[in-house]
Amino acid sequence: MKDENKEYPFGGMRINGFAMIFFTFILIPALMLFVGFGIGESAIALTVILEAVLFIIFVLGCVGYFQQEPNVARVMIFFGKYRGTCRNVGFYWVNPFLSRIKLSLRIRNMDIEPIKVNDKVGNPVLIGMVLVWKIKDTYRVVFDLDSQSLGAQGGINNAALDKFVRIQSDAALREVTGHFAYDQTDSDPDELTLRDGGEKINELLEHKINERLAMAGIEVVEARLNYLAYAPEIAAVMLRRQQAAAIISAREKIVEGAVSMVRMALDRLDSDNIVTLDNDKRAAIVGNLLMVLCADEPVTPMLNAGA
């Protein structure tokens with residue numbers, strides 16, 4: 001399976017580091033002194049052999065120590081064979097012939113710079129996001145991802161890891177952007193868009209990035225758009241289009257309100273028997289009221305004083 005976890009816990013010998021310090025730097029030197037003075041010249045060959053064995057044990061005991069903090073793991077490799085991952089916190093001594101690759105399991109943050117992509121209708125847009133991720137499967141990170149150059153303190157090369165995450169995130173971002181329009185279109189005013197999608201777009205983006213990063217044992221905690229704009233070459237044209245759409249929407253509201261007010265005024269005149277109006281006078285009143293209510297600037301009334 002693509003997302004199968006290949007990691008398993010380290011089951012080899014793991015000794016408390018402080019106990020091993022006592023054994024290596026106190027007990028072994030004491031035995032070496034005892035062998036040197038206890039046997040003496042009576043068995044020189046035996047003394048040399050025992051001293052050599054104790055010295056080798058002392059040298060091996062001096063290496064193999066490591067300390068591990070929370071949210072840190074070490075991949076154990078014995079002459080090229082994977083022996084498990086140690087996630088235990090503390091100070092330990094293990095087989096000195098084990099290679100120990102240090103990995104940080106802590107949450108990492110990455111700011112994906114805005115890239116130019118085409119949306120569903122072909123408009124070029126600039127889109128960027130913030131990505132929060134962490135290592136999930138240490139086996140895949142070490143053995144499936146081509147980042148074998150070790151970094152500081154025997155850890156994995158973080159530059160190669162970051163490069164992989166950035167490239168795959170860019171690819172997923174382009175894929176998601178190509179399925180949605182930047183803004184609502186006339187053909188389907190209810191469709192999901194990049195500007196109004198919100199959490200749905202973020203959830204889809206997170207899912208797509210997880211699909212791509214699972215092959216390297218990486219898990220996405222959160223993916224969220226943080227920049228969205230038209231490309232500079234069409235930004236001015238799209239701004240005028242948005243302004244025109246806003247003006248039309250505002251005019252529709254104004255006309256709807258004006259018609260409602262005119263209807264209310266005529267009904268009130270009729271119900272209160274203030275004046276009796278024929279069709280011509282009603283049409284004149286309707287025209288005058290609509291002119292006053294829909295005008296962009298205040299209308300100056302003109303009074304007919306009569307002859």
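When a residue number appears, it is its place in the shown sequence, counting from 1. Only this structure's heavy atoms are used, side chains among them; waters, hydrogens and symmetry mates stay out.
In this view, R87 and E7 satisfy the salt bridge (charged side-chain N to carboxylate O under 4.0 Å, His left out) rule, not counting sequence neighbours. With sequence neighbours left out, L204 forms a side-chain contact (heavy atoms from CB on, under 4.5 Å) with V176, F180, K208. Contacts of H207 classified as side-chain hydrogen bond (donor to acceptor under 3.5 Å, both in side chains), with partners at least two apart in sequence or in another chain: E211. Partners of F78 by ring-ring contact (aromatic ring centres under 6.0 Å, His included), not counting sequence neighbours: none found. In this structure F55 satisfies the ring-ring contact (aromatic ring centres under 6.0 Å, His included) test with no other residue, sequence neighbours excluded. In this structure K163 satisfies the salt bridge (charged side-chain N to carboxylate O under 4.0 Å, His left out) test with no other residue, sequence neighbours excluded. Take Y8 and apply the ring-ring contact (aromatic ring centres under 6.0 Å, His included) test, not counting sequence neighbours, and it matches Y82. A search for side-chain hydrogen bond (donor to acceptor under 3.5 Å, both in side chains) contacts involving R224 returns E199, E222, not counting sequence neighbours.
With contacts defined as side-chain heavy-atom distances shorter than 4.5 Å, the pair L27/F58 does not qualify. In this structure, W133 and V221 have side chains that are not in contact, with every pair of non-hydrogen atoms separated by 4.5 Å or more. Here the side chains of I209 and L173 are not in contact, with every heavy-atom distance at 4.5 Å or above. Contact of the F164 side chain with the V141 side chain is not registered, since no non-hydrogen atoms from C-beta on lie closer than 4.5 Å. Residues V89 and Q68 fail the side-chain proximity criterion, which asks for heavy atoms closer than 4.5 Å. Proximity of N210 to E219: side-chain heavy atoms (C-beta onward) are separated by under 4.5 Å at one or more points. With contacts defined as side-chain heavy-atom distances shorter than 4.5 Å, the pair M110/R166 qualifies. At a threshold of 4.5 Å between non-hydrogen side-chain atoms, the residues S104 and N71 do not count as touching.
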Please walk me through it: do I57 and L60 pass side-chain contact (heavy atoms from CB on, under 4.5 Å)?
CA-CA 5 Å; I57 295 175; L60 293 178; 5.8 Å; no
Worked check of side-chain contact (heavy atoms from CB on, under 4.5 Å) between R108 and L161:
CA-CA 11 Å; R108 311 186 192 191; L161 189 61; 3.5 Å; yes
Could you walk me through whether K200 and L192 satisfy the side-chain contact (heavy atoms from CB on, under 4.5 Å) test, starting with their C-alpha distance in whole Å, then the side-chain angles of each, then the deciding distance to 0.1 Å, before giving a yes or no?
CA-CA 9 Å; K200 293 183 179 179; L192 187 65; 4.1 Å; yes
Worked check of side-chain contact (heavy atoms from CB on, under 4.5 Å) between R212 and E175
CA-CA 12 Å; R212 291 177 173 271; E175 180 182 358; 3.4 Å; yes
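The two residues A231 and K116 make their nearest non-hydrogen contact at CB-CE, 4.2 Å. When every heavy atom of T138 is checked against every heavy atom of V75, the shortest pair comes out as CB-CG2, 3.8 Å. The shortest heavy-atom contact between C86 and F10 is N-CB, 4.0 Å. Listed here is the closest heavy atom pair of G64 and R100: CA-NH1, 3.9 Å.
The closest donor-acceptor contact from the side chain of W93 to the backbone of I21 lies at 3.5 Å or more, if one exists at all.
A continuous path of hydrophobic side-chain contacts links L225 to I115 [ILVMFWY only; heavy atoms under 4.5 Å]. One hydrophobic cluster holds both Y92 and F97 under the rule that ILVMFWY side chains link at heavy-atom gaps under 4.5 Å. Follow the hydrophobic side-chain contacts under 4.5 Å out from Y65 and you never reach L98; the two are in separate clusters. Hydrophobic clustering keeps M129 apart from I107 (ILVMFWY residues linked when any side-chain heavy atoms are closer than 4.5 Å, directly or through intermediates). Note on L105: it clusters hydrophobically with L145, by side-chain heavy-atom contacts below 4.5 Å among ILVMFWY residues.
Among residue pairs with one or both ends in residues 117-128, those qualifying as salt bridge (Lys or Arg N to Asp or Glu O under 4.0 Å) are K120-E191; sequence neighbours excluded. Residue pairs meeting the side-chain hydrogen bond (donor to acceptor under 3.5 Å, both in side chains) criterion with at least one partner in residues 13-22, sequence neighbours excluded, do not occur; the list is empty.
Note that CZ of R195 is 6.0 Å distant from OH of Y182, once rounded to the nearest 0.5 Å. To the nearest 0.5 Å, atom CG of residue D170 and atom CD1 of residue I112 are 5.5 Å apart. Here CG of L103 is found 7.5 Å from OG1 of T85. Values are rounded to the nearest 0.5 Å. The line from OG1 of T177 to CG of N118 is 10.0 Å long, rounded to the nearest 0.5 Å. Atom-to-atom distance recorded for N226:CG and D111:CG is 5.5 Å, nearest 0.5 angstrom. Residue I127 holds its CD1 atom at 8.0 Å from CD1 of I201, rounded to the nearest 0.5 Å.
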With a 3.5 Å cut-off and sequence neighbours excluded, list the donor-acceptor pairs that the side chains of residues 256-266 form with protein atoms.
none

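The number of heavy atoms from other shown groups lying within 6.0 Å of CD (E69) is above 12.
Other members of the hydrophobic cluster containing L126, listed by chain and number, are Y227; membership follows side-chain contacts under 4.5 Å among ILVMFWY residues, whether direct or relayed.
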